[in-house]
Amino acid sequence: ARDIKIPVAALGRPGKKKRSVPILSHEFFQDNHADIVSIICMLLVVGLLLEATRSIFTPFVAPQHLVNATYSTGNDSNSTNYTEPLAGDEYEEEEELFVAGPNNTQAPPPTRRFKVPHYAVGPLDMCTAFFYMMVWIIFHAVCREYIWDRFHRPLRLSKAKTSVYFESCNYITYFLITAGWAFFVSGREKLFTDVFLLWKDYPHLHMTFRMKMFVLVQIGYWLHNIPELYFLKAKKDEILPKVQVYLINVIPLVVLYCLHFQRILAVLLAFHATAEFISHLHVLLGLWRESAARKLVPFWTLIFTVVRIVSVVLSVIVFGVGLSRESGFDLKRGNYNTLTVRMGLAAGIVLLQLLLAWQFVTAQLADLRDQQERKEIQSRLERPSERRQRQKKEKEAASSTGGEGNEQADEGDGAATPEEASPSGRKEVQPRRRKGKQ
């Protein structure tokens, strides 16, 4: 048999061994959290393939509480008109058996039934939100390692700016996806072309697949940020402020979704995500080049102001005017259209807009102060050089006037002094040394 020689480097030396992380330790979960979560997601998806476990794992992957709704163009009292279907939805036509009679000579028109799958709100939505929370954790880890980190290396930022950079990258990716998705959903639901749909036929007990998935994914995103604080080893003084921000964002989503106000929620998120995307784009440009960030400030200010005004006006119109025409309370039917609920939701949305406006104004004032401080520092750094130039000019002017006075005093002696020999009036040391040597 041939002897196999293993080099010493392959065996490893005691002094050069890499520190092994113990299993089930904090560092093990923090370093491998994306792999662990991806394995859990794969197990949930594989559980759908088995008939024995399909009913258990289906609520985690697909939205639940399906409602089969139909729409009829004829006079059919048995059909339930939950919502008018959109163009492109599947439908079928049914022709009823017609028997001619003395008073009925024309056949009725065929009944067109639209098959529109709708979903309701239920407790199984927590399972779906939990699954997509794990999907956001995987997506966050992939983007951080393969996209954000590659752009971060050439910038060479400090530790404080690095934390701001990754936080803004996280938000800018989320708000870009949310803005595009919210505008798509609102456009397909015709919420921009017909504003009356925001409060018409309330309560909106049933929603389309796109609307339900949109809201659940939004809830999953803000929930995934809480365990990310542990995975990314956040500092203790940063945990509480960030958790407050996450709760401020996720609580309105859950409340409006459970109270069947998902239509106004989608429209408000479309505008809010657009303004926040520009805000974090400004932050990233400031880390890269301040001149580019300053050019974006006027556009950012305009969009932010318009979005805040539109959000306040829409909330007042929907909760204060539109829903007040059909007020009522029915817990079994899911109708929460009471004065207390409407005023509470409208006040909450307005307070959130005022809070965002306050943060925007304070951020702008802080930027102005930073710019003034930088200008003062630059002026202080330039003053010593200017002082030296001024002192040099004063000395040259004083030496030139002193040389002219000496020429007038020694005019009768007929001998040129060393000061007169020099054009500037100063003493020349080198010629005197030569005369002493001679």
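Values in this document were obtained by computation on a predicted structure and should not be read as measured data. What you see below is based on every heavy atom in this structure, not just the backbone, and it leaves out hydrogens, waters and symmetry mates.
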How about [X] and [Y]: are their ring centroids closer than 6.0 Å?
{"X": "W148", "Y": "H140", "answer": "yes"}
{"X": "F192", "Y": "F183", "answer": "yes"}
{"X": "F131", "Y": "W136", "answer": "no"}
{"X": "Y171", "Y": "H280", "answer": "yes"}

Backbone of [Y] reached by a side-chain donor or acceptor of [X] within 3.5 Å:
{"X": "T128", "Y": "F60", "answer": "no"}
{"X": "T208", "Y": "H118", "answer": "no"}
{"X": "S163", "Y": "A160", "answer": "no"}
{"X": "S279", "Y": "A275", "answer": "no"}
{"X": "R144", "Y": "D149", "answer": "no"}
{"X": "D125", "Y": "V121", "answer": "no"}
{"X": "K212", "Y": "A120", "answer": "yes"}
{"X": "Q262", "Y": "H204", "answer": "yes"}
{"X": "N335", "Y": "L331", "answer": "no"}
{"X": "R210", "Y": "V185", "answer": "no"}

Side chains of [X] and [Y]: closer than 4.5 Å at any heavy-atom pair?
{"X": "H152", "Y": "K161", "answer": "no"}
{"X": "L352", "Y": "I349", "answer": "no"}
{"X": "K159", "Y": "T162", "answer": "no"}
{"X": "Y202", "Y": "R325", "answer": "no"}
{"X": "Y119", "Y": "M211", "answer": "no"}
{"X": "L43", "Y": "F57", "answer": "no"}
{"X": "T338", "Y": "V341", "answer": "yes"}
{"X": "E290", "Y": "Q371", "answer": "no"}

Please name the pair of heavy atoms, one in [X] and one in [Y], separated by the smallest distance, quoted to 0.1 Å.
{"X": "H282", "Y": "A293", "result": "CD2-O, 3.2 Å"}
{"X": "F214", "Y": "T178", "result": "CE1-O, 4.1 Å"}
{"X": "A346", "Y": "F319", "result": "CB-CB, 4.0 Å"}
{"X": "P241", "Y": "D237", "result": "CD-O, 3.4 Å"}
{"X": "G334", "Y": "H260", "result": "O-CD2, 3.1 Å"}
{"X": "S38", "Y": "I138", "result": "CA-CD1, 3.4 Å"}

query = Please walk me through it: do E276 and I172 pass side chain to side chain contact (heavy atoms under 4.5 Å, CB included)?
reply = CA-CA 8 Å; E276 292 299 317; I172 198 173; over 6 Å; no
message = So that I can tick it off, tell me whether E373 and R369 are bridged by a salt bridge, with the cut-off set at under 4.0 angstrom between side-chain N and carboxylate O.
response = no
ask   = Thinking salt bridges, do D194 and K200 make one under a 4.0 Å N-O criterion?
value =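 No, this pair does not count.
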What distance do [X] atom [atom1] and [Y] atom [atom2] have between them, rounded to the nearest 0.5 Å?
{"X": "L253", "Y": "L268", "atom1": "CG", "atom2": "CG", "answer": "10.5 Å"}
{"X": "E167", "Y": "N225", "atom1": "CD", "atom2": "CG", "answer": "9.0 Å"}
{"X": "H33", "Y": "Q30", "atom1": "NE2", "atom2": "CD", "answer": "9.5 Å"}
{"X": "L50", "Y": "S55", "atom1": "CG", "atom2": "OG", "answer": "11.0 Å"}
{"X": "L155", "Y": "L284", "atom1": "CG", "atom2": "CG", "answer": "9.5 Å"}
{"X": "F231", "Y": "I226", "atom1": "CZ", "atom2": "CD1", "answer": "12.0 Å"}

request  = Examine R308 relative to F304 and say whether NZ or CZ is less than 6.0 Å from the centre of the six-membered ring and inside a 45° cone about the ring axis.
outcome  =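 Checked: cation-pi criterion met.
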request  = Before giving the answer on side chain to side chain contact (heavy atoms under 4.5 Å, CB included), spell out for L265 and L269 the whole-Å C-alpha distance, their side-chain angles and the decisive distance to 0.1 Å.
outcome  = CA-CA 6 Å; L265 174 62; L269 277 178; 4.1 Å; yes
[atom1] ([X]) with more than 12 external heavy atoms under 6.0 Å:
{"X": "I23", "atom1": "CD1", "answer": "no"}
{"X": "M343", "atom1": "CE", "answer": "yes"}
{"X": "F151", "atom1": "CZ", "answer": "no"}

ask   = Do you know which of L285, T173, L287, V283 makes side-chain contact (heavy atoms from CB on, under 4.5 Å) with S168?
value = V283
message = For W199 and F261: C-alpha separation, side-chain torsions, deciding distance, then whether ring-ring contact (aromatic ring centres under 6.0 Å, His included) applies.
response = CA-CA 8 Å; W199 62 82; F261 293 107; over 10 Å; no
ask   = For Y174 and Q218, what are the C-alpha separation, side-chain angles and deciding distance, and is it a side chain to side chain donor-acceptor pair (under 3.5 Å)?
value = CA-CA 9 Å; Y174 161 71; Q218 301 300 313; 2.5 Å; yes
message = side chain to side chain donor-acceptor pair (under 3.5 Å), that's the test. Do Y230 and H26 meet it? Break it down for me.
response = CA-CA 9 Å; Y230 169 74; H26 292 287; 2.8 Å; yes
request  = Check the pair L44 / M134 against side chain to side chain contact (heavy atoms under 4.5 Å, CB included), numbers first and verdict last.
outcome  = CA-CA 11 Å; L44 293 175; M134 294 189 294; 3.6 Å; yes
request  = Could you please spell out the steps behind the side chain to side chain contact (heavy atoms under 4.5 Å, CB included) verdict for S315 and L345?
outcome  = CA-CA 8 Å; S315 60; L345 294 176; over 6 Å; no
key: Residue pair Y165, W288: steps toward the side chain to side chain donor-acceptor pair (under 3.5 Å) verdict   = CA-CA 10 Å; Y165 169 79; W288 173 60; over 6 Å; no
